[in-house]
Amino acid sequence: MYNLLKGKVGIISGALDKNSIAWKIAETAHAEGAKFVLTNAPVALRMGTIQELAEKCNTIVIPADATSIADWENLYEKATEHLGGKLDFALHSIGMSPNVRKKKDYGDLNHAWTLKAIDISALSFHKMLQVAEKMDVLNDEASIVALSYIAAQRTFPDYNDMAHAKAVLESIARSYGYRLGTSKKVRINTVSQSPTATTAGTGVGGFDAFMNYADKMSPLGNASAQECADFVISLFSDFTKKVTMQNLFHDGGFSSMGVSEDVMDMFRDEK
Ligand code: NAI
C-alpha cells in the first residue's frame with residue numbers, strides 16, 4: 001500500500017455486501033490511510049452485512065436514504081462530527097431501478113418507477129452535492145466520484161431505464177463540477193465501470209452472457225470491483241487534482257472497441 005489517502009476524511013455510500021464495488025473501495029481507502037464513515041439506506045442496513053465492514057474499517061455506519069434531503073443533512077452533521085472536520089472525498093455508489101428489478105419491458109415501463117429510479121440513482125447525486133454545498137462540509141480540493149455505466153452513451157437493451165438515470169448522473173457531475181470547481185477547486189467525476197457481479201449488476205437481465213461478451217470485447221478484459229476501487233482511490237488522491245467533470249471509462253478498453261477477434265471468431269463462416 002502507498003498511503004495515498006493519509007490524513008484524508010470522507011464518506012462512502014453503497015456498500016451492501018462484500019461483492020459491492022463500494023465495499024472494495026472502503027477496504028482500499030482504509031488500507032491507504034483514509035478515515036471515513038459508511039452510509040446506506042436504512043433497509044440495506046437490515047439486509048446487508050455493512051456492520052462487518054464498519055468493524056474492519058474501524059468506523060461507524062450512518063443510515064441515510066439518498067433521496068431524502070433531511071437524511072443527507074443528518075449524515076453530514078454526524079459525519080463531520082465523527083470525523084472531526086470537513087470532508088476530502090465522497091463516493092456515490094447508489095443505483096436501483098424498480099423496472100429493472102421487476103423485469104418490466106422497456107415498451108411497458110411503469111413511469112412512476114422510472115421517476116423513482118432516476119431519483120435514487122441520479123438526483124440523489126445532486127442532493128448529495130447540493131446539501132454538501134449549503135452546509136459547507138467540503139474542504140477545498142475535495143474529490144467526489146460517482147459510479148456510472150456505458151449505457152448512458154450506447155444502447156444495451158436489458159439496462160432499461162437505468163440508461164436514462166446514468167445519463168442524468170453524468171450530466172450532474174459536469175454541472176456541479178463546474179460550480180464547485182470554480183468556488184472551491186472541488187473535482188467531480190463519474191467512473192464508468194465494466195459489468196461487475198454485484199447485487200445491482202446481476203439484477204440486470206442476461207447479466208452473465210453480457211459480462212462474458214464485454215470481457216471478450218475488451219483488450220484488457222473486464223475491470224474487477226477491486227480494480228475499480230484502486231482507480232477510485234487514485235481519483236481521491238492528490239495525484240489527480242486537475243481531473244474534473246469527466247466520465248472516465250474504467251472498462252479494459254471496451255468503450256473504444258468496434259469488434260474484437262474473439263467476438264469475430266464466433267461469427268466466422270468456417271466452410
Ligand atoms: P450494490 O447492489 O452492491 O450497490 C448498490 C447500492 O445502492 C446498495 O448498497 C444499495 O443499498 C444502495 N441503495 C439503493 N437505494 C438506495 C437509497 N435509496 N439510498 C441509499 N442507498 C441506496 O451494487 P454495485 O454494483 O456495487 O453498485 C454500485 C454502483 O455501481 C451503482 O451506481 C451501479 O449502478 C454502479 N455500476 C455497477 C456496475 C455493475 O455491473 N455492477 C457497472 C457499472 C456501474
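We count ligands from 1, going down the list as the structure has it; atoms in each ligand are counted the same way.
Ile120 and Tyr176 fall into different hydrophobic clusters, where Ile, Leu, Val, Met, Phe, Trp and Tyr are joined by side-chain heavy atoms under 4.5 Å apart, directly or via other members.
Residue contact check: Ala44 has heavy atoms under 4.0 Å from atoms 11 (O) of ligand 1. Residue-ligand proximity, Ser194 to ligand 1, at heavy-atom distances under 4.0 Å covers atoms 40 (O), 42 (C). Interface of Leu147 with ligand 1, defined as ligand atoms under 4.0 Å from a residue heavy atom, comprises 29 (C), 30 (O), 32 (O), 35 (C). Using a 4.0 Å cut-off to heavy atoms of Asp65, the atoms of ligand 1 that qualify are 17 (C), 18 (N), 19 (N).
Ligand 1 has a nitrogen or oxygen under 3.5 angstrom from a nitrogen or oxygen of Thr196. Geometrically, ligand 1 and Tyr149 share no nitrogen or oxygen pair separated by less than 3.5 Å. An N or O contact shorter than 3.5 Å links Lys166 to ligand 1 by distance. For a threshold of 3.5 Å applied to N or O pairs, the pair formed by Thr67 and ligand 1 contains no separation below that value. No N or O atom of Pro195 sits closer than 3.5 Å to an N or O atom of ligand 1. For ligand 1, one of its N or O atoms has an N or O atom of Asn40 under 3.5 Å away. In terms of polar-atom proximity, defined here as any N/O pair under 3.5 Å, Met162 makes no such contact with ligand 1. The shortest N or O to N or O distance between Ile120 and ligand 1 is not below 3.5 Å. Not a single N or O atom of Ala22, backbone or side chain, sits closer than 3.5 Å to an N or O atom of ligand 1.
At the top of the distance list for atom 27 (O) of ligand 1, counting protein heavy atoms only, stands Ala200 CB, 4.0 Å. Counting protein heavy atoms only, atom 25 (O) of ligand 1 is closest to Thr198 OG1, 2.5 Å.
Checked for salt-bridge contact, Lys116 and Asp119 miss the test: no charged N lies under 4.0 Å from a carboxylate O.
Among all heavy-atom pairs drawn from Asp238 and Lys241, the shortest one is O-CG, 3.5 Å.
Using modelled atom types, one finds a donor on one side chain and an acceptor on the other under 3.5 Å when comparing Thr190 with Asn247. Side-chain contact annotation: Ser192 with Asp251, donor-acceptor N/O pair under 3.5 Å absent. Side chains of Asp161 and Asn99: a donor-acceptor N/O pair is present below 3.5 angstrom, by distance only.
Counting heavy atoms closer than 4.0 Å to ligand 1, residue Ser148 contributes backbone atoms (N, CA, C, O) but none from C-beta onward. Here Ser93 has heavy atoms under 4.0 Å from ligand 1 in both its backbone and its side chain. With a heavy-atom cut-off of 4.0 Å, Ala64 touches ligand 1 through its backbone alone.
The number of heavy-atom neighbours closer than 6.0 Å to NZ of Lys216, taken from other residues, nucleotides and ligands shown, is 12 or below. Heavy-atom neighbours of Lys184 NZ from other residues, nucleotides or ligands within 6.0 Å: above the threshold of 12. No more than 12 heavy-atom neighbours from other residues, nucleotides or ligands sit within 6.0 angstrom of NZ on Lys78.
Counting heavy atoms from C-beta on, the side chains of Leu138 and Ile144 come closer than 4.5 Å.
One option in Pro63, Ser20, Gly201, Ala15 has a heavy atom closer to atom 3 (O) of ligand 1 than any other, and that option is Ser20.
Under the rule for a salt bridge (charged side-chain N to carboxylate O under 4.0 Å, His left out), Lys18 has no partner lying at least two apart in sequence or in another chain.
Using a 30° and 60° split on the angle between ring planes, Phe156 and Phe254 fall in the tilted class, from 30° to 60°.
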